[in-house]
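Starting from 1, each residue takes its place in the sequence as its number.
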Amino acid sequence: MAARTGVAPRLLRYYEEVGILHPFRSSNGYRTYGEPAVERVLQIRELLEAGLTTEMIREVLPCLGPEGERPDPGQCPAPKDLDGLRRQLVTIERRIDVLQRNRRAIKDYLRAWAEAGVST
């Protein structure tokens, strides 16, 4: 799992310890991960990078599955820190806006150079 996700084994064990990753245990006690765990680990990393705490992630992760597989929002318990989660959403939306603006600017810049016939 560490090689497939770029996440250190120590962090994978920590995710298990705090209850946000649930590997299977083989008969010899080794952790094994199904294919969905790869996406789950990447999602955990992204949520952490977005500023969510492991506590927030533990509370909302069961309701953040792939589209079409998410439970009805009414079935998901409200997190303890709903205001904190709302603040994180505002921060994420701001970052998305900045990234989109920068993406457009870089695309325009590269397009202008391409139209000028400049190549490297």
S.K.: What distance separates C76 SG from L64 CG, expressed to the nearest 0.5 Å?
M.R.: 8.0 Å
S.K.: Can we say E17 and R10 salt-bridge, meaning some charged N sits less than 4.0 Å from an Asp/Glu carboxylate O?
M.R.: no
S.K.: Of all heavy-atom pairs between A37 and M1, which one has the smallest distance, and what is that distance?
M.R.: CB-CE, 3.5 Å
S.K.: Taking E35 first and then R4, would you say they form a salt bridge - that is, a charged N and a carboxylate O separated by under 4.0 Å?
M.R.: yes
S.K.: Would you call I44 and V7 a side-chain contact if the rule is heavy atoms closer than 4.5 Å?
M.R.: no
S.K.: Could you measure the distance from the CG atom of L48 to the CD1 atom of I20? Nearest 0.5 Å is fine.
M.R.: 6.0 Å
S.K.: Taking atom CG of L21 and atom OH of Y33, what is their separation to the nearest 0.5 Å?
M.R.: 5.0 Å
S.K.: Taking all non-hydrogen atoms of both residues into account, name the closest pair between E59 and D81 and its distance.
M.R.: OE1-N, 4.3 Å
S.K.: Hydrophobic clusters here meaning ILVMFWY residues chained together by side-chain heavy-atom distances under 4.5 Å, can you tell me if L42 and M56 are in one?
M.R.: yes
S.K.: Only distances under 3.5 Å count here; give the side-chain donor-acceptor pairs of residues 91-103 to other protein atoms, sequence neighbours excluded, each with its distance to 0.1 Å.
M.R.:
residue : atom : partner : partner atom : Å
T91     : OG1  : R87     : O            : 3.1
R95     : NH1  : E49     : O            : 3.1
N102    : ND2  : V98     : O            : 3.3

S.K.: Measure the spacing between OG1 of T53 and CD of Q88 and express it to the nearest 0.5 Å.
M.R.: 8.0 Å
S.K.: Kindly indicate whether the side chain of I106, heavy atoms from C-beta on, has any atom under 4.5 Å from the side chain of L110.
M.R.: yes
S.K.: With rounding to the nearest 0.5 Å, note down the distance linking OH in Y15 to CZ in R58.
M.R.: 14.0 Å
S.K.: Taking all atoms of both residues into account, what is the closest heavy-atom pair of P62 and I57, and its distance?
M.R.: CD-O, 4.5 Å
S.K.: Which atoms form the tightest heavy-atom contact between A8 and A2, and what is the distance?
M.R.: C-CB, 4.4 Å
S.K.: If I take atom CD from residue E39 and atom OG1 from residue T5, how far apart are they, to the nearest 0.5 angstrom?
M.R.: 10.5 Å
S.K.: Within a strict 4.5 Å, meaning less than it, do heavy atoms of the R40 and H22 side chains meet?
M.R.: no
